[in-house]
Amino acid sequence: MKPLLSKTEDQDSLQTLGRASVQIVHDLKNQLNGLKLYATFLRRRMEKSERPADELETVAKLLAGLERAAGDLSTLVQFGRPIEVKRQPGVDLQKLVRGVVASLADHPRATGPLTGPLNAQFELEMTPDPLVGEFDPTLLSDALKSISIGALKIRQLKDKEAKLQIRVGQNGSQEVAVIEWLGLDALDHDPFAAFAGSDEIRMSLGAKIISAHGGAAAHQANRLLVQLPIDKAAGNGGN
């Protein structure tokens, strides 16, 4: 019988497998990008030769599918690599959340059941107190955007016209900001760990980014919850 691996050997094997998987996914993404280039070239030639509308539609669907697949692989590559957080002091979390919701008006993944300007499908509730911390605004915005898109799709599984409430506040007297996505139907799994489709892959990456900021993301009953450390002294102007 083959002897069991030691804990250290097992961890080394998993790390090696993880690195190999990331490289394979990266290579697949590059191949898809090549196919996207050829499909784009084909579509342009067909448009110039005035091909039938159904043929153009087929090529457009092919190109859209390749773009989605390449995007999903890019997310997996990001997930498999360490998160490099470039912190900036004095980042206003409330302003960041408002910017995220505003940017969803033209979000490229606002397709399928999510039609119209996405920023109109959210209701924001903000605490009057400042919520300032040291964050990477680009990474954190991407994480909150992915979580918001995923939460809205969960919210609209039964009611396509339903809005999603996002509440931003503070956890009592602690130096912790809390962001909640409310009114979700009860789920039988954790969307931050399921990898059950493109949106949940991005939500899982979002949770990893939150963790890299010293925070945590969790699914509780009918809500999603994110907690992030803040600087109360900075929020109060240093007083």
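Model, not experiment: these values are computed from the prediction.
- Taking 4.5 Å as the limit, some side-chain heavy atom of L205 sits within range of a side-chain heavy atom of I83.
- Nearest heavy-atom pair across M203 and F192 is O-CD2, 3.4 Å.
- Here K163 contributes atom NZ and Q165 contributes atom CD; the two are 11.5 Å apart, rounded to the nearest 0.5 Å.
- Expressed to the nearest 0.5 Å, how far CG of D129 lies from CD of Q170 amounts to 6.0 Å.
- Minimum interatomic distance between A39 and L66 (heavy atoms only, all atoms of both residues): CB-CD1, 4.1 Å.
- When all heavy atoms of H219 and D190 are compared, the closest pair comes out as CB-OD1, 3.7 Å.
- Between S148 and L104, the closest heavy-atom pair is CB-CD1, 4.3 Å.
- Using a 4.5 Å cut-off on side-chain heavy atoms (C-beta onward), L152 and W181 make no contact.
- In plain terms, the two heavy atoms of Q94 and V168 that are nearest each other are CG-CG1, 4.2 Å.
- A distance of 7.5 Å separates CD1 of I149 from CG of D199, quoted to the nearest 0.5 Å.
- In this structure, R87 contributes its side chain and E134 its backbone to a donor-acceptor pair below 3.5 Å.
- Note that CD of E123 is 10.5 Å distant from CG of L182, once rounded to the nearest 0.5 Å.
- Residues L62 and L37 do not share a hydrophobic cluster, defined by chaining ILVMFWY side chains whose heavy atoms lie under 4.5 Å apart.
- Screening V91, L228, L96, I230 for a side chain to side chain contact (heavy atoms under 4.5 Å, CB included) involving L131 leaves a single residue, I230.
- Atom CG of residue L164 and atom CD of residue Q121 lie 9.5 Å apart, to the nearest 0.5 angstrom.
- Put simply, the residue from V178, I179, I210 that forms a side chain to side chain contact (heavy atoms under 4.5 Å, CB included) with Q227 is V178.
- With contacts defined as side-chain heavy-atom distances shorter than 4.5 Å, the pair V226/L224 does not qualify.
- S103 places a side-chain N or O within donor-acceptor distance of the main-chain N or O of V100, the cut-off being under 3.5 Å.
- A donor-acceptor pair is defined here as one N or O able to donate and one able to accept, closer than 3.5 Å; no such pair exists between the side chain of R43 and the backbone of L56.
- Atoms NZ and CG, from K145 and L140 in turn, are 12.0 Å apart once rounded to the nearest 0.5 Å.
- More than 12 heavy atoms of other residues, nucleotides or ligands sit less than 6.0 Å from atom CD of Q220.
- Between the side chain of S211 and the backbone N or O of A207, no donor-acceptor pair lies under 3.5 Å.
- The minimum heavy-atom distance linking A177 with L93 is given by the pair CB-CD2, 3.4 Å.
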